[in-house]
Amino acid sequence: MAATLKSTPRQDGFFMPAEFSCHKQTWMLWPERTDNWRQGAKPAQKTFVKVALAISQFEPVTMGVNQSQFQNARAMLPTHIRVVEMSNNDSWMRDCGPTFVVNGKGGVRLVDWDFNAWGGLEGGLYFPWHLDDLIPQKVAEIESIDRYKAPMVLEGGSIHVDGEGTLLTTEECLLNHNRNPNLSKKDIENILCDYTGVSHFIWLEAGIFNDETSGHVDNIACFIRPGLVALSWTDDHNDPQYPRSKAAYDQLSRAKDARGRSIEVVKIHQPDPVIITPEESEGVDSVDGTLPRNAGDRMAASYINFYLCNGGAVVPTFDDHHDAQALKILQEYMPERRVVGVPAREILLGGGNIHCITQQQPIG
Ligand code: KQY
């Protein structure tokens, strides 16, 4: 039985560890909705299988799946990947899933944030989202982990931590009025301190151009280890991404972390603009209340949306001439990991990437 605790992680000595610390397993959710995933979600499902397989070289994977797709997911995934029935509205485990916290003495609990599908009725990406909102509670029950219910809307992809007291985020997302209109920046910082155990914030202005999440940090910048941040970059001063990445670079270069260290920034050049084709657009069902996929729209493609797992890094690739360089630089900066590229256009077509569809459960 998983209890819902009345205290906060901070009061109980729990904090959110960095993604690069040791995991028990990775959680994912199976894609199926035809108003987000083209061609009945079949191409996306094949890509999710590839991502799950890549991760499973490094650690166990559990896939949550709606009842209607249980048999299909079970058949498409190898038997070493656990498949559990878990009703959901879509497959973004990073964002609707829990944030796990640890106490450094073997204890693991989780934080259950409010979820409103990236903006609720003011620019949210689909309606309803009530099943997604229950995912953390279901994970808590399956794993018998006690749960904290946090008093704020937050998606996991909107924060990164270094595990040593620093939290990286963007104003574009966390201060968007469609998440927590009644909370000030200071209120948000206080809740994040209480529920993730951090003590220091690095606020970037904005995320990736055209990112439908309102600028999640996990698409533009992430910690590779304490004091080292990878940043999505472009050398093209005319690209709408340039001022965003330049501002982030300048902010990070000036920033100190919770321990007073300066931040080293490694630039990872973005792929050339990735555009939705007419064929891709036509494969998506049109439904009121769901963000349409229009031919000609530029997607928020970034190599930074990678996932760190035990001894590995699973990185999106785009069949682009920048792919090889991105993988090479990440491998150089993470010699302790094996960097694996997975072609990820099909995930990008749904609005996110590998980091957005995964959630780490740390070892206590
Ligand atoms: O974290 C993400 N990038 C998720 C995007 C959600 C897209 C829903 N269509």
Side-chain angles (χ1 to χ4, degrees), residues 19 26-39 41 43-45 47-48 51 88-99 113 115-133 135-136 153-160 168-170 172-174 176 178-179 206-222 232 270 274 276 280-281 283-294 297-307 314-316 318 344-360:
E19 189 171 313
T26 297
W27 288 85
M28 295 177 68
L29 291 167
W30 186 250
E32 70 163 279
R33 61 184 298 156
T34 56
D35 58 347
N36 193 57
W37 303 105
R38 71 189 184 111
Q39 295 175 4
Q45 289 174 358
T47 302
F48 275 53
V51 171
N88 61 79
N89 302 107
D90 201 1
S91 46
W92 306 98
M93 188 50 117
R94 173 66 49 190
D95 290 342
C96 66
T99 297
W113 310 96
F115 179 76
N116 74 353
W118 308 271
L121 299 181
E122 282 182 70
L125 301 180
Y126 49 73
F127 177 88
W129 53 83
H130 60 302
L131 299 174
D132 289 344
D133 198 29
I135 294 289
V153 170
L154 184 112
E155 304 100 40
S158 69
I159 57 169
H160 267 306
L168 184 61
T169 190
T170 65
E172 182 184 4
C173 181
L174 256 61
N176 194 311
N178 65 9
R179 303 309 208 281
I208 295 290
F209 172 70
N210 249 3
D211 190 327
E212 63 199 62
T213 64
S214 336
H216 272 188
V217 76
D218 72 346
N219 215 15
I220 187 167
C222 67
S232 188
Q270 68 182 9
V274 184
I276 302 177
E280 288 167 342
S281 170
V284 180
D285 289 351
S286 188
V287 168
D288 282 351
T290 300
L291 188 77
R293 303 280 162 208
N294 298 317
D297 282 355
R298 176 166 166 179
M299 296 184 281
S302 160
Y303 297 105
I304 299 300
N305 210 296
F306 60 80
Y307 178 59
V314 182
V315 182
F318 304 98
R345 185 181 179 99
E346 293 297 335
I347 313 174
L348 185 62
L349 280 166
N353 224 309
I354 292 172
H355 196 257
C356 309
I357 62 168
T358 50
Q359 181 63 248
Q360 70 277 4

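When a ligand or atom number is given, it counts from 1 through the structure's own listing order.
When ring centroids are compared, F127 and W129 come within the 6.0 Å threshold. Ring pair F48/W37: centre-to-centre distance below 6.0 Å.
For the pair T99/W113, a side-chain contact is recorded, criterion being any heavy-atom separation below 4.5 Å from C-beta on.
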Determine, stepwise, if the pair M299 / E212 fulfils side chain to side chain contact (heavy atoms under 4.5 Å, CB included).
-> CA-CA 9 Å; M299 296 184 281; E212 63 199 62; over 6 Å; no
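Cation-pi check for R33 over Y126 is met; the charged atom lies under 6.0 angstrom from the ring centroid and within 45 degrees of its normal.
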For a distance cut-off of 3.5 Å, show me each N or O of ligand 1 paired with any protein N or O, plus the separation.
unit_1	atom_1	unit_2	atom_2	d
ligand 1	1 (O)	D95	OD2	2.4
ligand 1	3 (N)	G351	O	3.1
ligand 1	9 (N)	N36	OD1	2.9
ligand 1	9 (N)	E212	OE2	3.2
ligand 1	9 (N)	R293	NH2	3.2
ligand 1	9 (N)	G350	O	3.1

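At most 12 heavy atoms of other shown residues, nucleotides or ligands fall within 6.0 angstrom of atom CG in D288.
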